[in-house]
Structures are given as structure tokens and as C-alpha cells.
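This report refers to the structure that appears directly beneath it.
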Amino acid sequence: MGLRLFNTLTRQKEDFVSIEPGKIRMYTCGPTVYDFAHIGNFRAYVFADLLKRYLRYKGYEVKQVMNLTDIDDKTIRGSQQEKISLSEYTARYKDAFFQDIKALNIERADVYPEATAHIVDMVNLVKKLLEKSHAYQLGGSSYFKISTFPSYGKLSKMKMEDLKAGARISKDEYEKEEIGDFALWKAWDEKDGEVFWETEVGKGRPGWHIECSAMSMKYLGKHFDIHTGGVDLIFPHHENEIAQSEGATGEKFVNYWLHNEHLLVEGRKMAKSFGNYFTLRDILSKGYNPIAIRYLLLATHYRQQLNFTFEGLDGAKNALQRLHDFIDRLKGIRSQKSHPEVAEILKEAQSGFEESLDDDLNTSSALGKIFDLVKEINRFIDEGDFSSQDAEKTLALMQRFDSVLGILKREELKLDEKITELIQKRNQARKEKKWEEADKVRKEIESLGIILEDTPEGTKWKKRI
RNA sequence: GGCGGCUUAGCCAAGUGGUAAGGCAGAGGUCUGCAAAACCUCGAUUCUCCGGUUCAAAUCCGGAAGCCGCCUCCA
């Protein structure tokens, strides 16, 4: 069975077929760099990362582009408040974003185009839409005229007549001809201060949607395979991207639209505007390992809402610990007594893993298959029927799985002298059967974040996740 | 008001017609000086509720309740 993905365009799981055999071009809606991203934002990026990794696992060559929105109301406002330049302001959050995705073991996209570096491309696109009469100019701004694009609404399944008319028209959209028309280019306003570009379509700045059309087509071509983002982008953002892109090129824009559901907190969408959000930094400062967050995000199917709780995060951390312990255990196998069923069990685990992910990236099921494997192999090890060769094969498979999941890699860390001395001290005490003293030292070591395990092969240590 | 989605054990979560995966937490046991890790055993006669279809339903159909999201910046 091949890969099937749920396409928002058709609201169905479809067999995935790439435009160009063996190659995939995908675009992921990235962050607006006006603040630290919260973990709900990162759900979208972890999802895109998972998808990309699995496509590579399947043998595709993937080119991924992710935009950085560094020009919009929020970045302008933020920079003005701090009385620094827009680029100085956004640079801070770009850096933070890259630090955060690194912590979450999200692989970097191939290109991270910045909106401010692509004004020319956007202006050209606006010009083309004006030429083709898909757009009009009013008061120095340019708007897309949705009545010229009959299939408008095909992604979100919304009919423009049904939209609540007139409810919330912000001031700068005042002059639009139709309520659903949207800004491609916004005329300069006093509030924009120093932020503007003098262009062929006037003095001002780009609308939000145009950057994704311009930059995705620039790096991926007019027609590419996959576009991802959160469900909140379906309307109006992605709907508008389709209108702009297909209006300009006359060709199909994207084959597969994939959207991840929201992360909730206390039953509500995690959002800056609700004030119920946690940044990655917030959580790391409480002592959590970022990979535990990655695990948590991966453990629920991407199209299912996920209610974030610290209880859930603790559970994720413990589950992750179990996998890490398993890896450590495999690395320590020295027996030569092989188990006849290992090959078969590894094969089953692999096919189970692949079938799960082929089914629209069912990570919950895939993790279930991995834990089934862990349990069976652990039993073999307990029974003494497991050789170092078996362990190597199992490790290789786990590494293969991890090329998709990205949760097993850890920093090699060395014990500092102090802890090494304490371990020696404790072992001396144990030798002399001074159990009380040994336990006291063990507690001291634990308070430093190191857990000891006494095994027949000697005392082992590990770092608490 | 329009549109879409969700509801499975204490928590998380698979499962879309064939008789409830998996993880965390908890209890008991094996092992251990004690722990830890690992293993074994235990937990939903039941899948929000009410009807219906079927030999068979968590899964299909109809209805109800609760919750979430989009329609405005948003992952």
C-alpha cells in the first residue's frame, strides 16, 4: 500500500502521487516573527517535519520552502513600540525561531524566504493580477476581486454569500468593492511610519496573502505538490493564495493541501489573543526536555485536536524515557545466543510502522507498533535469548524509525568528576554493605539529575529526561 | 446565522461492520541489599446518550446532548 494523505481540497484521503516521479515540492506556512512562537505554532512545524521526513523515508527527494513573515501589522507595531528598525526587531524572533526548531529536532527547510526580501516578486504578481483584471486599485491599495474567480471558496467550502456581511471591516479595507475582496497591496498609512516600499503599484506594503503565493511559486514553480499549515489558515489565507496564484497563472497551484488541527489549552485553542499560550521557552524553563514536547505533539494524529496539559507532557516524557532505556539496553547486549524469531518480529514491526504512516501519517498507531516491538524484544532479552547481532539489527531498525520521528537522538554527555567520585564512593559503600550510606549517596546523585541502576554488569547511570 | 470537526478506561490515544492496539499513571508479583530498569498479572461486558439497519455496530443511518474550530489577525 502506498501513502495516502487527507486532502483538504477534497476532504478525503487520497493516494499520493507526486508531479515529478521521485521528487516532491512542498511549502509550509511559517511564522510571523513578531514574538516567540508558542507550542501550538510548533505543532504545525513538527507536523510538516514529520511529513517531510516520512516522504524522505519513502525514498522521495523533497524540497521544502517555509516563509518567514517579517512584515505585517504586528511586526510594524512591535518595532515602533521598541523604537528600533523593523529588521532589527524581526531578526530577534527569527533567531529565536531557529533556536526553537533546533531544540525540537525539526529539520531545516531548504529555503526560508523572508517577505521583505521578496517585495519585487510580490509587486510583479500584483501587476499581473491587475493586468488580468483579477484585481483593482482603490485609494493606492490593490485588491483581489473575488467575483472574477468563480471557484473561490473551493478549499474552505464556503460560499461568499453566506459570510456574515459587514460584521468586521477594518478601516484600511474600507474602500473595497466587495466584502470578500482582499488586499494584495496596502497603501502607506501614517501608522506604518518608516515602513514602506515605493513600487510600481504604489507606496505601501504587501498584504499578507501575497507573500506566500509569490514566494512559493518563485522557489517551487507555479504548480507544486504539497502545501501545509494550520486549519485556521484554510480561510481566508489559503483560499486567497489559491485565488491569487491560479488567477495569475491560469494553472493549478497545489495538488495536496494538508492542515493540522489546533493545540488546545483548557479546552480552547492556544492563541496569543486568548493569553492561554506557552512558548517553548516557558516549558523548557520548567525543566522539560524539548524532545518530550516533540513526542507529545507526535503522539496524537495531526488532524485531531490535542489538549495540552502538564499531566500529558509528563506522560510523554515517561514514554520517551522508556524508548531511550530500550536503546541503551540494546547497546549493552553482549550475548551471542540468538533468537530465531527476531528477524520475523523486526519485519512485522517495520511493516506495521509503514502501514500506519502510509495511512495519512497515523503516528499514534505507528508508536503503538514500536512499543509492541519494545515489549517483545525486552522479553527476549530477559529470557537470555538475544544476541549482540540481534541487538544491532534492532537498533538499526529503531534508527530507521527515528529518521521519521526524530525522538531518540540524545547528546552524548560525560559525567563530571564530582559524580564519578560519588559513584565510586557509593560502590565502595556497597562493597562494604554499608547500605544506608550507599542509598544516601545515590540520593545525592539523583538530586544532580543522574539516575543509577545496579545491574549484573555493574552500575549504570543515565540522565533524567 | 452559515460551514466544518470532535466525544473510546484516572490521563493520553489507535481502531470506520466481525466481537476493544499501545503509552502514561495505579495495584500485586518476579528480579534486587534496597532501588531502578525489565518482565508477568490486574483495569472499558463496553466505546456521550436514544432509536434504527444488520446474523453481527465504537464503526453504517436518524435524532439528542456536550465540546472545539473557521467565517476577523491566527499554526
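Given the structure is predicted, the values throughout are model-derived calculations rather than measurements. Each chain gets a letter, A, B and so on, in the order its sequence line appears, and its residues count up from 1.
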Which residues in residues 42-53 of chain A have at least one heavy atom lying under 4.0 Å from any atom of RNA chain B? A/Ala44, A/Tyr45

Tabulate atom names and distances for all N/O pairs under 3.5 angstrom spanning the protein and nucleotides 24-28 of chain B.
unit_1	atom_1	unit_2	atom_2	d
B/C24	O3'	A/Asn318	ND2	3.3
B/A25	OP1	A/Asn318	ND2	3.3

Nucleotide N/O of nucleotides 32-35 of chain B paired with protein N/O under 3.5 Å:
unit_1	atom_1	unit_2	atom_2	d
B/G33	O6	A/Arg426	NH2	3.4
B/G33	O6	A/Arg430	NE	3.3
B/G33	N1	A/Asp439	OD1	3.0
B/G33	N2	A/Asp439	OD1	3.3
B/G33	N2	A/Asp439	OD2	2.8
B/C34	O2	A/Arg442	NH2	2.5
B/C34	N3	A/Arg442	NH1	3.0
B/C34	N4	A/Asp454	OD2	2.9
B/A35	N6	A/Asp454	O	2.7
B/A35	N1	A/Asp454	N	2.8
B/A35	N3	A/Arg442	NH1	3.2

Could you list the donor-acceptor pairs under 3.5 angstrom formed between side-chain atoms of residues 449-456 of chain A and any protein atom two or more places apart in sequence or on another chain?
unit_1	atom_1	unit_2	atom_2	d
A/Glu453	OE2	A/Lys462	NZ	3.0
A/Asp454	OD1	A/Arg426	NH1	3.2
A/Asp454	OD1	A/Arg430	NH1	3.3
A/Asp454	OD1	A/Thr459	OG1	3.0
A/Asp454	OD2	A/Arg426	NH2	2.7
A/Thr455	OG1	A/Glu457	N	3.1
A/Thr455	OG1	A/Gly458	N	3.4
A/Thr455	OG1	A/Gly458	O	2.8

Taking side chain to side chain donor-acceptor pair (under 3.5 Å) as the test, write out the residues that go with A/Lys154, two or more places apart. A/Glu246

Residues in salt bridge (Lys or Arg N to Asp or Glu O under 4.0 Å) with A/Arg329, at least two apart? A/Asp382

Using atom names, set out every protein N or O paired with an N or O of nucleotides 15-19 of chain B below 3.5 Å, distance rounded to 0.1 Å.
unit_1	atom_1	unit_2	atom_2	d
B/G15	OP1	A/Asn362	ND2	2.6

Those residues that, when tested against A/Arg379, pass salt bridge (Lys or Arg N to Asp or Glu O under 4.0 Å) (two or more places apart): none

Per-pair distances, 0.1 Å, donor-acceptor, side chain in residues 258-269 of chain A, under 3.5 Å, sequence neighbours excluded:
unit_1	atom_1	unit_2	atom_2	d
A/His259	ND1	A/Thr8	OG1	2.7
A/His259	NE2	A/His238	ND1	2.7
A/Asn260	OD1	A/Gly230	N	3.4

Taking a pair to mean Watson-Crick or G-U wobble geometry with both distances below 3.5 Å, B/A13 pairs with none

Can we say A/Lys369 and A/Asp372 salt-bridge, meaning some charged N sits less than 4.0 Å from an Asp/Glu carboxylate O? no

Cation-pi, A/Tyr57 ring and A/Arg400 (6.0 angstrom, 45 degrees): yes

Against the side chain of A/Arg11, the closest entry in B/G4, B/C73, B/A75 is B/G4

What residues, two or more places apart in sequence or in another chain, satisfy side chain to side chain donor-acceptor pair (under 3.5 Å) together with A/Lys52? A/Gln64

Quick test: give all pairs of protein nitrogen or oxygen and nucleotides 40-44 of chain B nitrogen or oxygen below 3.5 Å, distance rounded to 0.1 Å.
unit_1	atom_1	unit_2	atom_2	d
B/C40	OP1	A/Arg379	NH1	3.0

Nearest to the side chain of A/Leu264 - B/A14, B/C68, B/G23? B/C68

Is the charged tip of A/Arg322 near the ring of A/Phe371: under 6.0 Å from the six-membered ring centre and within 45° of its axis? no

Set of salt bridge (Lys or Arg N to Asp or Glu O under 4.0 Å) partners for A/Arg77, sequence neighbours left out: none

